[in-house]
Amino acid sequence: NRCSKNHASEREIKSLSEEIEKLKNPENLGISSQLAELREENARLKYRLNILKRVSQSNQFNKNMLNINQHLQKLFGDAIRMAFPDLQNPPLSVAPSQQGRFGDYQCNSAMAMAQMMKANGQKVSPREIAEKIVENIPFNDLIEKAEIAGPGFINIHLKKAFVSKLLTTVLVNGVQPPPLEMKKKVIVDFSSPNIAKEMHVGHLRSTIIGDSMCRLFEFLGYDVLRLNHVGDWGTQFGMLIAHLQDKFPNYLTVSPPIGDLQAFYKESKKRFDSEEDFKKRAYQCVVKLQSKEPEFIKAWKLICDVSRNEFQKVYDALDIEIIERGESHYQDMMTDVVKEFEEKGLVQLDEGRKIVFPPGHSIPLTVVKSDGGYTYDTSDLAALKQRLFEEKADIMIYVTDSGQSGHFQLIFAAGQMIGWYNPAETRVEHAGFGVVLGEDKKKFKTRSGDTVRLVDLLEEGLKRSMDKLIEKERDKFLTAEELTKAQRSVAFGCIKYADLSHNRINDYVFSFDKMLDDRGNTAAYLLYAFTRIRSIARLANIEEATLREAAQSTEVLLDHEKEWKLGKCILRFPEILQKILDDLLLHTLCDYLYELATTFTEFYDSCYCVEKDRQTGEVVKVNMWRLLLCEATAAIMAKGFDILGITPVQKM
């Protein structure tokens, strides 16, 4: 049993480590005649310990991709602790080298450690520190050599055989996520349009970013709940129901043909602002809806259903899965939430309002309005509590525009103040994003100054992508079905990628011309590159089964510098995902995929995968290990696309 063997190895590692530490202590050395003997014993134990560590490591790296950076950090972390056991929380810095001549990775801890030791009154040069770190690196399969350069940089060279083995693991088992220590429950709150209003370009960002975050957590093995916190409750429903009663008096028996809900909303708003009687009736309708009178609940449901159908068109086009759980879901919980804050003495009265001041904030939350009604603050507090206690979420991400950042900081601070969660144990975060700008660098609007409807934007994307495909004469080579698939892949892939490839915190300029350009860091370029990589084996008439067999039996050679560069780039994928998991910035993945595609192009231009006769064009030689590098590149790109919510096609 591999698992029990691993535990036994780990126990032995622990006891040997303790024995070595004892031997290091001069008090335990006794008389000097025993010193040589003890030193010999120490060396023997170290050797045994290293062998056990190697066995333990090799059992861990079977199917899952190894995060090389994380593994190096562990090795260097151990080395630093062994070399400087008295240094508290020593800094650890390992990163990929920017230039190949400085090795594959670099450890730059020595300089910071020298500063730290100087502050403690110890004067040691960074180079001496680096030498001691290198001397204490545990035995491992990963590092070929570690060289000290300049004032104390440690240049790390990886073993080609080990990197080759990791690439074979990807080829044989597919792109498997690194092992997960604990399967946590993740809730991502995203999209969140308002009922009776059109989805606009602002909802596009929340929908695309939130979906991609969910895909990342899902791939890494977390239990993910995707929530759509729609605005489906509140005073606006009073005017909508009153207008519905006037326009379609038999709505209870005949389903009202509300074609354009946006126009319907505008009509009711106009009446609400100009007709006093209508306004009074609208307020009465709100009271009856909140009292859950059956015919008012039915009217409310009818309006919600019309909106839902419109939202679903967008979700279907963009391939978004999401569970609707709007503000109405939390209505019955709000009374208890207010009561809990009152019982703990956290509520203050302010001109009839009930307010809560979270610590460290000068702006309060309003939990009850002066008319006795609840607010967004109350429903967001109720949602936070429900997700923590009923859903038992370990991680909660709210994906909305950055303008709501202040509101969520207040909600989270109130949740901590009342003792609902401890941020050291539960991660609750607002992932804000900037606004979408037009090419004039102003807020993205139609020519008439209206907000851009999302449905219209997606239609325009389809039209533009078809124009692009016809311009590239793809219609002459693809069947009608293949052309439609390529059109959707390019249109929606480019819209998503243009959003995700920008740092979400910044505003970004929406430009169809830029996003459909097949040069530079765009989905159009990556999709074409991916299709080309996928076609290399096909054009050489190599079957899938042959490639699968070769993956098991052929060593991936990395002798050419471009093979080596590509192999290392492929294996950085888990590091990239870990970084995004930490900071929730998805543009890092886009930058990586672009780097992978350009690194592949360098490799393909320098290394023949398939050699053909110049006269006949017949295949004379297949360099199978290079074809396997093509396959590994394509596998990583496909998984990257999947996390970004982009669907590549076989032919383009």
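Numbers here are sequence positions counted from 1. Since the structure is predicted, the reported quantities are computational estimates derived from the model, not experimental observations.
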Legend entry - side-chain hydrogen bond (donor to acceptor under 3.5 Å, both in side chains) contacts in which one or both residues fall within residues 199-214, not counting sequence neighbours: Ser191-Thr207, Arg205-Asp499, Asp211-Arg215, Asp211-Arg226
Legend entry - Within-4.5 Å side-chain heavy-atom neighbours: Leu585 and Arg504: yes
Legend entry - Under-4.0 Å salt bridge between Asp305 and Arg308: yes
Inset, instruction - Indicate yes or no: at least one non-hydrogen side-chain atom of His407 is less than 4.5 angstrom from one of Asp380. - result: yes
Inset, instruction - Could you check if a side-chain atom of Glu391 sits within less than 4.5 angstrom of a side-chain atom of Leu225, using non-hydrogen atoms only? - result: yes
Legend entry - Check: Val556 main-chain N/O paired with Ser164 side-chain donor or acceptor under 3.5 Å: yes
Inset, instruction - Anything under 30° is parallel, anything over 60° is perpendicular, the rest tilted; go ahead and classify Tyr222 against Phe217. - result: perpendicular
Legend entry - pair Asp104-Pro96: side-chain heavy atoms closer than 4.5 Å: no
Legend entry - Heavy-atom donor-acceptor pair, Thr599 side chain to Leu566 backbone, under 3.5 Å: no
Legend entry - Heavy-atom check, side chain of Leu483 versus side chain of Gln487, under 4.5 Å: no
Legend entry - Cationic N near anionic O, under 4.0 Å, Lys579 to Asp582: no
Inset, instruction - Check the angle between the aromatic planes of Phe412 and Tyr398 and answer parallel, tilted or perpendicular using the 30° and 60° thresholds. - result: tilted
Legend entry - Set of side-chain hydrogen bond (donor to acceptor under 3.5 Å, both in side chains) partners for Asp475, sequence neighbours left out: none
Legend entry - Residues forming a side-chain contact (heavy atoms from CB on, under 4.5 Å) with Asn173, sequence neighbours excluded: Lys63, Thr169, Gln176
Legend entry - Under 3.5 Å: donor-acceptor pair, side chain of Ser606, backbone of Phe603: no
Legend entry - Whether Gln262 side chain and Glu198 backbone form a donor-acceptor pair below 3.5 Å: yes
Inset, instruction - For Phe492 and Leu462, run side chain to side chain contact (heavy atoms under 4.5 Å, CB included): C-alpha distance rounded to whole Å, both residues' side-chain angles, the deciding distance at 0.1 Å, then the answer. - result: CA-CA 8 Å; Phe492 302 141; Leu462 285 169; 3.8 Å; yes
Inset, instruction - Identify the two heavy atoms, one from Gly231 and one from Gln236, that lie closest to each other, and give their separation to 0.1 Å. - result: O-NE2, 4.2 Å
Inset, instruction - Could you check if a side-chain atom of Tyr604 sits within less than 4.5 angstrom of a side-chain atom of Ile533, using non-hydrogen atoms only? - result: no
Inset, instruction - Sequence neighbours left out, what pairs pass salt bridge (charged side-chain N to carboxylate O under 4.0 Å, His left out) with at least one residue falling in residues 510-523? - result: Arg464-Asp513, Lys472-Asp518, Asp517-Arg519
Legend entry - Any donor-acceptor pair under 3.5 Å from Asn521 side chain to Tyr594 backbone: no
Inset, instruction - Would you mind checking if Arg534 and Glu631 are paired as a salt bridge, meaning a charged N to carboxylate O distance below 4.0 Å? - result: yes
Which atom pairs, donor and acceptor, lie under 3.5 Å between side-chain atoms of residues 431-445 and protein residues at least two apart or in another chain?
residue: Glu439; atom: OE1; partner: Ser511; partner atom: OG; Å: 3.4
residue: Asp440; atom: OD1; partner: Lys442; partner atom: N; Å: 3.0

Legend entry - Within the 6.0 Å centroid threshold, strictly below: His229 and Tyr330: yes
Legend entry - Backbone N/O of Asn623 and side chain of Tyr608: donor-acceptor pair under 3.5 Å: no
Legend entry - Interatomic distance, Phe408 atom CZ to Leu384 atom CG [nearest 0.5 angstrom]: 10.0 Å
Legend entry - Under 3.5 Å donor-acceptor, Ser535 side chain and Arg532 backbone: yes
Inset, instruction - Determine yes or no for a side-chain-to-main-chain donor-acceptor pair under 3.5 angstrom, with Glu482 supplying the side chain and Thr479 the backbone. - result: yes
Legend entry - Beyond-backbone contact of Tyr497 with Leu527, side-chain heavy atoms, under 4.5 angstrom: no
Inset, instruction - Please check if the side chain of Asp260 supplies one atom and the backbone of Ala263 the other of a donor-acceptor pair under 3.5 Å. - result: yes
Legend entry - Partner set under side-chain hydrogen bond (donor to acceptor under 3.5 Å, both in side chains) for Thr426, not counting sequence neighbours: none
